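Worksheet: the structure to be examined is printed underneath.
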2 protein chains.
Amino acid sequence: MVNVLDVAERANVSSATVSRVLSGSTLVRAETRAKVVAAAEALGYEPNSFARNLRKGRGSSIALVTGDIEHGIYPRLAKHLQRELELINLNLVLFNLGHRQERLRHMLQHATSMGLRGLFLASADIADMASLKPLVDRAAGKGIAILSVSQRLEGFGIDSIVHDDLAGAGMAVEHLLARGRRAIAYLGRISGSEVGRERSLGHEQALLRAGLPIDPVLVWDVREGFRSEAGYRMTSAALDRGLHVDAIVAASDELASGAIAALLDHGLSVPGDVAVTGFGGISWGNYLRPALSTIDLDVAALAERARLWLEAHEAGEAHPALVMIRPSLIVRSST
Amino acid sequence: MVNVLDVAERANVSSATVSRVLSGSTLVRAETRAKVVAAAEALGYEPNSFARNLRKGRGSSIALVTGDIEHGIYPRLAKHLQRELELINLNLVLFNLGHRQERLRHMLQHATSMGLRGLFLASADIADMASLKPLVDRAAGKGIAILSVSQRLEGFGIDSIVHDDLAGAGMAVEHLLARGRRAIAYLGRISGSEVGRERSLGHEQALLRAGLPIDPVLVWDVREGFRSEAGYRMTSAALDRGLHVDAIVAASDELASGAIAALLDHGLSVPGDVAVTGFGGISWGNYLRPALSTIDLDVAALAERARLWLEAHEAGEAHPALVMIRPSLIVRSST
DNA sequence: TTGTAAGCGTTATCAG
DNA sequence: CTGATAACGCTTACAA
């Protein structure tokens, strides 16, 4: 393994000079710089990141902490975040909780020891924030940059960059109202949990704005998460109970796909009998039949803001505690 | 930041002893060990991974190199790999190529410098392997563990753990033949590329086994990758040309969803007029209507084998150059 | 503009 | 079974 000393020797300079050249310092004579660069080149020198990080006292990776990286917009989020971090020479390390709360504790506890520079929280089910707070503070105190990129956690002192779920759900409901729908169900509440609360609230508030009552039987809980299966099950159950619905606002595209399947299986037509909207803007939504109208989440924008936040944080600059990314409605044939 | 010396001081031992205790060495008196553990506990000691890695000369993360982490089975793969690596205290860092070949070169070149312990290649479009080979060898020579987890690359001296695509495609074709289909198209060849070649071959061989001819017009190229849009486009184009087909074997679930959409849009029924199979076993496939019959890939098994491979590799034990994971057919209503 | 030298926190070697 | 000590490769005061 060739190191700075080898390069220094070959270039007839000191290791300090080599280091200066390689870290792009300007305080080096052009001529010297050239010599060093040539020597490094010739020897195939590659800096050792551990030594550098050890010396500098900080690492070069950010952990993306997800509940379930497999579903919803998380794969897209991971992709965009990685791309953004790469711009500032940081790595994205993946940490999937699999919905085990204690693993988050573990993560928070060992963030410094793992040499992480920051933590992007993208787990949808951070429930017990109160008990987590001390750990978060401890990590933050040690210089770990902590940002929530899925839930609004600014109330707990954690900066948050999130999609404007409230507005998104509102847009869906308003679109359905404009289409003449009145019995607009909400699919995807997780009762007793903050998860998806904003979306559920968006549905509620939009109905109230329109002067419509909130019918509790039209708010459907999912316990198994935002996946197709839950959508299918809850929609089926509602239909079996003979509920009257003419539209469903689903909290995710996957839930929506399950809902549509259930409706079709019950002999109903979409959107003829029941219109359905999704949430997320997943790519295959356009190839469901009927094609899924959905609230498209601008994940690329979110990822960029996350990078900007990180840069500001590292520079010690001020940054807003909450950024909301505005989603947009995509109208397709399911509504 | 509390370090080994602090712990040593508090426990009245040397840093060496602390290190021994913390790395679980048995050559320490139980009593001494207890003192050290207590001191570490009391001080809230956390080992510094950079120092450790620097000293040990190797890191603790594996990079997952994908072409596009957003689609297909890659999110699932990432999830399972992370879980497996966690078992052996390794991190998974994400590196998404976005289908830019030169970024792979870069990755290979800087793997050591980034302190990576290994590289899992999961990019479907590693085309120019010949030119990449020297870089791979160089990295391998430096002790980087390199494993392909999507393409068969054992011919290039790269150990590979892959799904048995040949068998999978064969199972799909045989299933369709058993259902009486004869004009079985293959959707998803990328002409002039090794990508998906095994699947395409599986289709071909299964037809030949059944004594059926290969009709070139029934092999559909996709240039835009294995996504829904391409499936829709190619299927539409074929139908517009008036081609007779009674079944489509798609190289991915996303392609299949596009194909089904195109068929329905052309007024055809699935599976009445045309049966369709997917590839992957994506979770929402069961909620398409008709529900998608597919070749289910056992990603969890693949991930486990990958971990086992890594352990063997590190232990210097022998390990097979090629492991094939057997997929299974899931029959739903699209066939 | 460049060199010297002192660490960063850990582990491995060698004595004891 | 334990301690002293020398690295690992890099950056950064401080000197020159």
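So you know, we letter chains A, B, ... as the sequences are listed, proteins then strands, and number each from 1. These numbers come from a predicted model, not from an experiment.
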Give every donor-acceptor pair under 3.5 Å between a side-chain atom in residues 52-65 of chain B and any protein atom, sequence neighbours left out.
| unit_1 | atom_1 | unit_2 | atom_2 | d |
| --- | --- | --- | --- | --- |
| B:Asn53 | ND2 | B:Ser49 | O | 3.1 |

From the candidates C:dG9, D:dG9, D:dC10, the one with an atom nearest any side-chain atom of A:Met1 is D:dG9

Less than 4.0 angstrom between a side-chain N/O of B:Asn48 and OP1 or OP2 of C:dG9, yes or no?
no

Just jot down the side-chain hydrogen bond (donor to acceptor under 3.5 Å, both in side chains) partners of [X], sequence neighbours excluded, or say none.
X	result
A:Asp6	none
B:His80	none
A:Lys142	none
B:Ser131	B:Arg105, B:Asp128

Are any non-hydrogen side-chain atoms of A:Asp137 and A:Pro134 less than 4.5 angstrom apart?
no

Show the distances under 3.5 angstrom between N or O atoms of the protein and N or O atoms of nucleotides 1-4 of chain D.
| unit_1 | atom_1 | unit_2 | atom_2 | d |
| --- | --- | --- | --- | --- |
| D:dT2 | OP1 | B:Arg29 | NE | 3.2 |
| D:dT2 | OP1 | B:Thr32 | OG1 | 2.1 |
| D:dT2 | OP2 | B:Arg29 | N | 2.8 |
| D:dG3 | OP2 | B:Ser14 | N | 2.9 |
| D:dG3 | OP2 | B:Ser14 | OG | 3.4 |
| D:dG3 | OP2 | B:Thr17 | OG1 | 2.7 |
| D:dG3 | N7 | B:Arg20 | NH2 | 2.7 |
| D:dG3 | O6 | B:Arg20 | NH1 | 3.3 |

Angle by which the axis turns from one end of the helix from C:dT1-D:dA16 to C:dG16-D:dC1 to the other, five pairs per end, to 10 degrees:
40°

Residues forming a salt bridge (charged side-chain N to carboxylate O under 4.0 Å, His left out) with [X], sequence neighbours excluded:
X	answer
B:Glu70	A:Arg76, A:Lys79
B:Arg100	B:Glu102
A:Arg117	A:Glu314

Rounded interatomic separation in angstrom, taking [atom1] from [X] and [atom2] from [N]:
X	N	atom1	atom2	answer
A:Leu43	D:dG9	CG	C1'	15 Å
A:Met114	C:dG9	CE	P	19 Å
A:Asp6	D:dC10	CG	P	9 Å
A:Glu9	D:dC10	CD	P	14 Å

Strictly below 4.0 Å, heavy-atom distances to any atom of DNA chain C: list the hits from residues 51-61 of chain B, or just say none.
B:Ala51, B:Arg52, B:Arg55, B:Lys56

ring-ring contact (aromatic ring centres under 6.0 Å, His included) partners for A:His319, two or more places apart:
A:Trp309, A:His313

Salt bridge between A:Glu31 and A:Lys35, side-chain N to carboxylate O under 4.0 Å?
no

